[in-house]
Asks: 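So that we are looking at the same thing, I have put the structure below in structure tokens.
To find a chain, count down the sequence lines: A is the first, B the second, and so on, and within it residues start at 1.
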There are 2 protein chains.
Amino acid sequence: MKQPKQPEEATEKKILEAARTVFHRAGYDGARMQEIADEAGINKALLHYYFRNKDKLFEAVFREALRRNMIPLMHMMMSADTTVEEKITNFARNYIETIRRNPELPGFIIHEINRNPQRLVENAKTEGLVIPQTLIVQIGEGIEQGRYNPVDPRQLVVSLVSMCIFPFIGRPMIQMAMQISEHEWDAFLEERITLIPQYIFKILHKL
Amino acid sequence: MKQPKQPEEATEKKILEAARTVFHRAGYDGARMQEIADEAGINKALLHYYFRNKDKLFEAVFREALRRNMIPLMHMMMSADTTVEEKITNFARNYIETIRRNPELPGFIIHEINRNPQRLVENAKTEGLVIPQTLIVQIGEGIEQGRYNPVDPRQLVVSLVSMCIFPFIGRPMIQMAMQISEHEWDAFLEERITLIPQYIFKILHKL
DNA sequence: GTCTATACGGTGATAGAC
DNA sequence: GTCTATCACCGTATAGAC
């Protein structure tokens, strides 16, 4: 079944997939090159052939993760042609539905950023991850025009993001404290997609 | 300056403090026994004399962290003699002001729980960390009596907790995305102490 | 490109003197 | 109780055959 001379990209892809799985689960410090090799069905030496060392391999995984996790956020803060309400609704749905398929992603990113905050700054430059403030500005305008309650837009957006992300990283604690079974969890998440925007609008909208 | 024969407890305490510092910053996998020994001003062998191995030492640190992090939460969910509003207000203030002095605590706990969710279950038993549902029930009653909007109490409490905890674990991302300087961060946190209960009440209260 | 074998430093843990 | 010295192992990384 083995193909000794498959196109190089296939192997590289297998490695990246395996590395993603292991790094996401165990983090940089907990990951073992041997484990990644096993997961990819190759040996350690080949890992070093494609990615010179553990750091390089990790960087590739981290960059991709950062991008995947940030895209919904950036999309929300950017896109000039949607209303505040649309941005918020889209973000909650978009983020929760996307991340739900990779629930370990936020925990991985947050842990690695806290382990080395500098990395975020560097990646922000190279990856062009400068987050535009369109949504913040837009909310500010709505307040000036008297359409919204006079809230601090930054505090509101942080609250929105908190409510979307935290369930993924705090899942075991939440399930235990709120007595939510494994079986109920999906429905609980699904509910949040519509509830979170409602919450935010209650805070933002007058009356 | 050294005291060759100081009371045993002093050394044990120094070790625990050092272990806390290192484990909180680096996590179990990233922590090195040598580093803990240095931080405590002793040598590795003495670590093993007091705590037989790395796991035992870690367990001590983790249990204490879990307790410290959960106490405000449990206090909120329990105390039978306060109103819903008091519980929520007290929690936000209590949690943010407490954790602010150990900002790495939530990240540490969450990472270690996700690394081994089983540990939470075990510690919950031995430490008596069964979280009572007083607040949840109380909100439910308020809804039945028509005093509150018909929200899902669990979703509301999860949102409350999310908004309080997330800033501590997502700080670098938040600061970058919201362009909050180191200097402004404290004020930003301080504001949240009063804002979060206001948000929750907007969702909960009628009109 | 892929493998096996191996070098080499670091890490948790122990032995044993004081 | 505290130290120095040392062990056994594991993990990353490289050498070299195919």
Side-chain angles (χ1 to χ4, degrees), chain A residues 1-63 108 111-112 115-116 119, chain B residues 1-65 108 111-112 115-116 119:
Chain A
M1 286 304 117
K2 271 201 202 160
Q3 295 197 335
K5 292 284 180 190
Q6 50 187 186
E8 321 82 44
E9 297 156 16
T11 306
E12 186 166 337
K13 201 170 176 186
K14 271 197 310 183
I15 293 177
L16 273 174
E17 261 174 51
R20 197 186 311 142
T21 304
V22 175
F23 276 130
H24 281 196
R25 176 168 45 70
Y28 180 88
D29 290 323
R32 296 286 161 259
M33 294 297 266
Q34 182 62 60
E35 209 182 341
I36 297 175
D38 293 347
E39 178 81 24
I42 57 168
N43 57 56
K44 282 186 295 177
L46 207 51
L47 288 186
H48 288 85
Y49 176 81
Y50 279 92
F51 301 83
R52 199 167 31 183
N53 54 39
K54 189 180 178 182
D55 273 50
K56 294 266 195 301
L57 181 51
F58 174 80
E59 265 301 318
V61 171
F62 179 76
R63 255 201 304 277
F108 168 68
H111 181 250
E112 296 304 335
R115 202 172 59 84
N116 179 6
R119 204 200 315 276
Chain B
M1 285 306 117
K2 268 199 200 159
Q3 295 196 334
K5 291 283 179 192
Q6 49 190 184
E8 321 80 45
E9 297 158 14
T11 306
E12 185 166 339
K13 202 171 177 188
K14 273 197 310 183
I15 293 177
L16 273 174
E17 259 175 51
R20 197 187 310 142
T21 304
V22 175
F23 277 130
H24 282 196
R25 177 170 44 73
Y28 180 88
D29 290 324
R32 297 287 162 256
M33 294 296 268
Q34 182 62 60
E35 209 182 341
I36 297 175
D38 292 348
E39 178 81 27
I42 55 168
N43 56 55
K44 281 188 296 177
L46 207 51
L47 288 185
H48 288 86
Y49 176 80
Y50 278 92
F51 300 84
R52 200 165 33 178
N53 54 39
K54 189 180 178 183
D55 274 50
K56 294 267 194 300
L57 182 51
F58 174 80
E59 266 300 319
V61 170
F62 179 76
R63 255 202 303 277
E64 190 222 20
F108 167 69
H111 181 250
E112 296 304 335
R115 201 171 61 84
N116 179 5
R119 202 197 317 273

Asks: Can you name the nearest heavy-atom pair linking B:Asn53 to B:His48, along with the distance?
Replies: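 Looking at all heavy atoms of both residues, the closest pair is CA-CD2, 4.1 Å.
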
Asks: Under the rule for side-chain hydrogen bond (donor to acceptor under 3.5 Å, both in side chains), what residues qualify as partners of A:Arg52, not counting sequence neighbours?
Replies: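 Listed in chain order: nothing, the list is empty.
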
Asks: Under a 4.5 Å cut-off applied to non-hydrogen side-chain atoms, are A:Phe23 and A:Leu57 in contact?
Replies: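 The answer is yes, as the side chains (C-beta and beyond) meet within the 4.5 Å cut-off.
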
Asks: If every non-hydrogen atom of A:Lys44 is compared with every non-hydrogen atom of A:Ala37, which pair is closest and at what distance?
Replies: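 That would be N-CB, 3.7 Å.
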
Asks: Please check the phosphate of C:dT2 (OP1 and OP2 only) for any side-chain N or O of A:Asn43 closer than 4.0 Å.
Replies: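 The answer is no; no side-chain N or O of A:Asn43 sits under 4.0 Å from OP1 or OP2.
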
Asks: Under 4.0 Å, counting only non-hydrogen atoms across every strand here, what does B:Ile42 touch: a base, just sugar-phosphate, or nothing?
Replies: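 Answer is sugar-phosphate: B:Ile42 comes under 4.0 Å of backbone atoms only.
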
Asks: What I want to check is whether the side chains of B:Asp55 and B:Tyr28 have a donor and an acceptor closer together than 3.5 Å.
Replies: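 Yes, a side-chain donor-acceptor pair sits under 3.5 Å.
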
Asks: What is the separation between atom CD on B:Glu35 and atom C1' on C:dG10, rounded to the nearest whole Å?
Replies: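 B:Glu35 atom CD is separated from C:dG10 atom C1' by 13 Å.
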
Asks: Would you tell me if any nitrogen or oxygen in the side chain of B:Tyr49 comes within less than 4.0 Å of OP1 or OP2 on C:dA13?
Replies: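 No, because none of the side-chain N or O atoms of B:Tyr49 sits under 4.0 Å from OP1 or OP2 of C:dA13.
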
Asks: What does nucleotides 11-18 of chain D look like as a protein-contact string, B for base, S for sugar-phosphate only, - for none, at under 4.0 angstrom between heavy atoms?
Replies: SBBBB---

Asks: If I take atom CG in residue B:Asp38 and atom C1' in nucleotide C:dG12, what distance separates them, rounded to the nearest angstrom?
Replies: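 From B:Asp38 CG to C:dG12 C1': 15 Å.
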
Asks: Is there a donor-acceptor contact under 3.5 Å linking the side chains of B:Asn116 and B:Glu112?
Replies: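 Absent: no donor and acceptor within the cut-off.
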
Asks: Rounding to a whole Å, what distance do you find between A:Leu46:CG and C:dC3:C1'?
Replies: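 Computing the A:Leu46:CG to C:dC3:C1' distance gives 8 Å.
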
Asks: Does B:Thr11 place a side-chain N or O at less than 4.0 Å from the phosphate oxygens OP1/OP2 of D:dG1?
Replies: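 No, no such contact exists.
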
